[in-house]
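The analysis underlying the following values was restricted to heavy atoms, covering all of them including side chains, and did not include hydrogens, waters or symmetry mates. In what follows, every chain begins at residue 1, and chains take the letters A, B, ... in the order their sequences are listed.
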Amino acid sequence: MRSTAVVLLALVAGPAAALESLHLLIPGGAGGGWDITARAAGRALMVSGLVSQVSFENRSGAGGGKGVAYLQEAAAQSADVLMVSSTPIVVRSLKPAFQQNWRQLTPIASLIGDYGAVVVRSDSPFADFPALAAALRGSPRSIKFAGGSNRGDLDHLILARIFEALDLDPADARYVPYGAGGQATLALLSGEVGAMSATVGDAIAHVRGGRAQILAVAAPQRLDALPDVPTFRELGWPVEFLNWRGFFAAPGIAEERRDAFAVVLNQLRGTDAWRQARTRYGWTEVYHEGAAFSAFLEAQEHLMRRLLLRLGFVSE
Amino acid sequence: MLDGLLTALTPLNLLMVVSGCLAGTFIGMLPGLGPATAVALMIPVTYALDPASALIMLAGVYYGSVFGGSTSSILINAPGCASTLATTFDGYPLARSGRAGTALAVAAYASFTGGTVGALALLVAAPALAGLAQGFQSPDYFMLMVVALIGVSALAGAGRVLAGYAMAVLGMMLATVGTDAISGLPRLTFGRLDLIDGFSFLLLAMATFALAEVIVSVLQGQDQAQAEPTRDIGSLRLSGAQASDLAAPVARSSILGFLVGVLPGAGATIASFLAYGTERNLAPAERKAEFGSGSLRGVAAPEAANNAASTGSFVPLLTLGIPGSGTTAILLGALIAHGLQPGPRLFVEHPEVFWSVIASMYIGNLVLLFINLPLIPYLARALRLQRRVLFPLVVLFSLLGVYLVSFNPVDMIIMAAVTAAAVVLRLAGFPLAPLLLGFIVGGYLEENLQRSLLLYDGGWHFLWTRPSTAVLSVLALILFAVPLVRAVSAPLKDRFGR
């Protein structure tokens, strides 16, 4: 309902630039996932004439916490600022060590997403996910899983969710963290671990290269990029796990401003420049905006809290 | 291969190599701006180019900045990135004794050799070496870091081995501040967001080296404050004897550097430390004392190693599609933005890209040599400045270099405190190089130790279970024991005659 209203509004606005200027805040360093997303979106907005002038600013540090703090402190002067973010901001909100919460910002929309997956080497004894699941059920600690994030972060939570769905205790999962997705993949290829819990984007190049295979994806339906890989759901385990990427505005911005941002991001989806960027990076579109985005974040937070509780990272 | 050479030799691509190398050299020379920043800064410039030209240019920026990084290390004791830290150990003493030009020239020749040997090795052995990168596991990394750390005895200087180890331990303690690499929980941060990422290497290096050096010079040099600044820069030409003296260390360091560079995560910094330590240990007894007070070998070894390692880091990037360092991670992002997916299929689908990058490395290294050598007399002129002009400039660049990366005013306070502590430690006779070595190695060491323990259920048998780890463990034991045995046996020899 709301999104149709926004589209109508967009049609009325016509082809003229919907926004005069936009400043994109990137809470991570150059070349990272947030940086690539924000710069691709910003360029597409400019090329397609939706925004006349887009500027970028990297404020990296504290796993994105510096960016959040900056957007909160400078909220009064940040009417034209959007910050790129992703699922870790929800995980972060739950950890007592960081007193930051996504509710302190204004959620605008998610644009793209990357789904969780279980990856093994091509020569792995496990030909499909049911075989791996049977081994885990026999002995939950028999398989070591590499992941590209710390314990209690994204890749560990993917594994925890899978264990939960298999009726196993997530705390029994042998998760071995590596500095980044690439290092985790290398550990998988070197035989240091038997499997990897990751998002599809970390592994897809190696699947295409023939050295690794994805046993199942935590998506609602099969992915266009991997038509032969089953979802957990069709195998009988309703596991869905999404790392979305989207944008937040400063706290307390005016309602019409918030709607203007949502209109622009919604229009961005239809532009050729953005479609090209999505194809180039292999991004799946996952669009939620406004109230629907907030509701989605709350549901995700609920899942994450449950998993973190079972892993012992938070207490009741 | 021939096609690749021809691709690399088109006028446009030659221009890209030259402009990439130029930009990289100048960005790399600025204290605080290392290869990762240089490549990130230049990515938008390449959007208009075709993929091969873009990669050629970015590769030029990368090795250009590694090449240029030695300049500020040698001239003002301010390493712009961790991989040129080892160059300060002998480069700066050489500059102070009026041989800045010689030191810069040796650095340029050694960098050239390291880069060229690396490109040659990449050409003949890339697919085979991809296996090395895939065969190295967490316990191996842990022992490699232990070997690098034992190099401390090489950095501390005669009679200060114990002080050296003490400082290395202090450095490792500093490395524990921040987010725990395994649990992801903050440690020793006192709830402050500013400390969650730990101390930055750049801040510690600028404070303990550049700033502390300025303050110690001022404190100690009051009587000669009006002394003539150094005018002499030494000869840029190496004599035949010097060249043949350096040939073996440069060749060894190039090969060592390349192999360490192939290992994801170890990289150019560890390579430069290992090369420095190795050359000091291999040097004949009468030359050993030169290390730390102005040895040309001490400049040549780390410079050959860090350039060879930068080239080596292209092996996992191009053959496996896995970035081994921050800089190659940024390069990977740039490649994907250009529609290329590095990995085994890159060679099949885009052989022209693969070969032209390798070809451009040969050309790039030649270009860098020709850019850098004529610049040396002009760069070395910085030393002719009066100290009252030069010192404030060093302070300004050091502070700016740190602030422009973090934009965090708290860093300036931390920097002042670290500088004060470093000055006290230096005046008390504690060497500071082992502190930085302990800091750099400490993080990797702890992460890989924790991970090895996780993988082996808390047992220590990972130290000998795999043959590669066992070899490194034995090497570490020998390196640790030899200086101790010497220290014990030397007085005995003196007492009982020979």
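Side chain of B:Q134 to backbone of A:L186: no donor-acceptor contact under 3.5 angstrom is found. A distance-only check finds a donor-acceptor pair linking the side chain of B:D197 to the backbone of A:A62 [under 3.5 Å]. No donor-acceptor distance shorter than 3.5 angstrom exists from the side chain of A:R151 to the backbone of B:G184, with no hydrogens or angles considered.
For the pair B:D457/A:R141, a side-chain contact is recorded, criterion being any heavy-atom separation below 4.5 Å from C-beta on. Using a 4.5 Å heavy-atom threshold, the side chains of A:Y178 and B:E447 count as separate.
Contact of B:T179 with chain A is made through the side chain alone, with heavy-atom distances under 4.5 Å. With a 4.5 angstrom heavy-atom cutoff, B:N448 does not touch chain A via any of its atoms. Residue A:R39 does not touch chain B at all, counting heavy-atom pairs closer than 4.5 Å. With a 4.5 angstrom heavy-atom cutoff, B:Q450 does not touch chain A via any of its atoms. Proximity to chain A involves both the backbone and the side chain of B:S138, based on heavy atoms less than 4.5 angstrom apart. For chain A, no part of B:D140 is nearby; none of its heavy atoms comes within less than 4.5 Å. Neither the backbone nor the side chain of A:A180 comes within less than 4.5 Å of any heavy atom of chain B.
Interface remark: of the candidates A:Q183, A:R208, A:K95, A:R208 forms the most heavy-atom pairs closer than 4.5 Å to chain B. No other option in B:L331, B:T189, B:I322 has as many heavy-atom pairs under 4.5 Å with chain A as B:I322.
Residues of residues 463-470 of chain B placed with any heavy atom under 4.5 Å of a heavy atom in chain A are absent; none qualify.
A distance of 9.5 Å separates CD1 of B:I182 from OH of A:Y175, quoted to the nearest 0.5 Å. Note that NZ of A:K66 is 5.5 Å distant from CG of B:D194, once rounded to the nearest 0.5 Å. The NE2 atom of A:H206 sits 8.0 Å away from atom CG of B:L320, with the distance rounded to the nearest 0.5 Å. Rounding to the nearest 0.5 Å gives a distance of 10.0 Å between NZ of A:K144 and CG of B:L454.
More than 12 heavy atoms of other shown residues, nucleotides or ligands fall within 6.0 angstrom of atom CG in A:D123.
Summarising the geometry of A:E192 relative to B:P139, their closest heavy-atom pair is OE1-CD, 4.4 Å, with the distance given to 0.1 Å. Scanning both residues, B:D180 and A:N150, for their nearest heavy atoms gives O-OD1, 4.1 Å. Across B:L455 and A:R174, no two heavy atoms sit closer than the pair O-NH2, 3.5 Å. The two residues B:L193 and A:R92 come nearest to each other via the heavy atoms CD1-NH2, 4.4 Å.
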